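As structure tokens, the structure follows; a few thoughts come after it.
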Amino acid sequence: MSLPTPPLVVVVDDDAAVRDALDSLLRSVGLQTRVLGAPSELLQAVLPDVPGCIVLDVRLPGISGLDLQGQLAAQGIHLPIVFMTGHGDIPMTVRAMKAGAVDFLAKPFRDQDMLDAVIAAIERDTRRRQDMAARGSLEARYATLTPREREVMAHVVAGLMNKQVAGVLHLSEITVKIHRGNVMRKMGVRSLADLVRHAEALGVGTGTA
């Protein structure tokens, strides 16, 4: 991964020896780290806006890692989580994975297993950020359409021909063609298939204005 800033791995564990070991391991492969000893430190932390993940101990003072997972989601912090525990069990693992955890490693774990899990988590976060950026670009392009152009787009992607759209919107067919051409240009597409894909991503359908 060639990124301007190295991905960030946040380690949360109340055991200083574990924090130090993970800090050394992760830095050895070029990752930047933030090591914390308590959940409250993570909830209050200001993290850089770079791809990354959280390596989180399940059993922490004051709040469990699983409960912290829920609080992070509620705060809109969507960094993927790699759980680690010395007391794991099947129900705990299932709950963590259902809530979106990337992996669940039992202590002691092999360094390579941790690195594999962290890289998988960072790749997931990178894809999420790319998807968000693409969605943001798509929404920005859609925002440039006039209300009438949005109406035309909605009917076109629903499968209506220009003549049919003209009838529904009480416009001339040539006017519909002009609006349709504007939609294609503003949305940055050259084919109806691409326009349909964009419309599906935006949730645009017949009747959408």
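In what follows, every heavy atom counts, from backbone to side chain, and hydrogens, waters and symmetry copies are set aside. Remember, predicted model here, so these are calculated numbers, not experimental data.
A donor-acceptor pair is defined here as one N or O able to donate and one able to accept, closer than 3.5 Å; no such pair exists between the side chain of S24 and the backbone of D20. Remark: side-chain polar atoms of R135 are paired, donor with acceptor, to backbone N or O of A201 under 3.5 angstrom. The backbone N or O of A134 lies less than 3.5 Å from no partner atom in the side chain of S137, so there is not a single donor-acceptor pair.
Side-chain contact between L138 and M187 is present, with at least one heavy-atom pair separated by less than 4.5 Å. With contacts defined as side-chain heavy-atom distances shorter than 4.5 Å, the pair H179/L169 does not qualify. Counting only heavy atoms from C-beta outward, the side chains of L26 and V11 approach each other to under 4.5 Å.
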Would Q71 and D67 count as a side chain to side chain donor-acceptor pair (under 3.5 Å) here? Give the steps. CA-CA 6 Å; Q71 288 192 25; D67 289 336; over 6 Å; no

Step-by-step side chain to side chain contact (heavy atoms under 4.5 Å, CB included) determination, H155 to V176: CA-CA 11 Å; H155 290 300; V176 170; over 6 Å; no

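Salt-bridge formation is detected for the pair R129/D125: a Lys NZ or Arg NE/NH1/NH2 atom is positioned less than 4.0 Å from an Asp or Glu carboxylate oxygen. Ion pairing between D13 and K107 holds under the 4.0 Å rule for side-chain N and carboxylate O. Taking a cutoff of 4.0 Å between a charged side-chain nitrogen and a carboxylate oxygen, E151 and R148 qualify as a salt bridge. The residues R19 and D23 are annotated as not salt-bridged, no charged nitrogen and carboxylate oxygen being separated by less than 4.0 angstrom.
When every heavy atom of V118 is checked against every heavy atom of V55, the shortest pair comes out as CG2-CG2, 3.8 Å. Residues P80 and G52 approach most closely at CD-O, 3.4 Å, considering heavy atoms.
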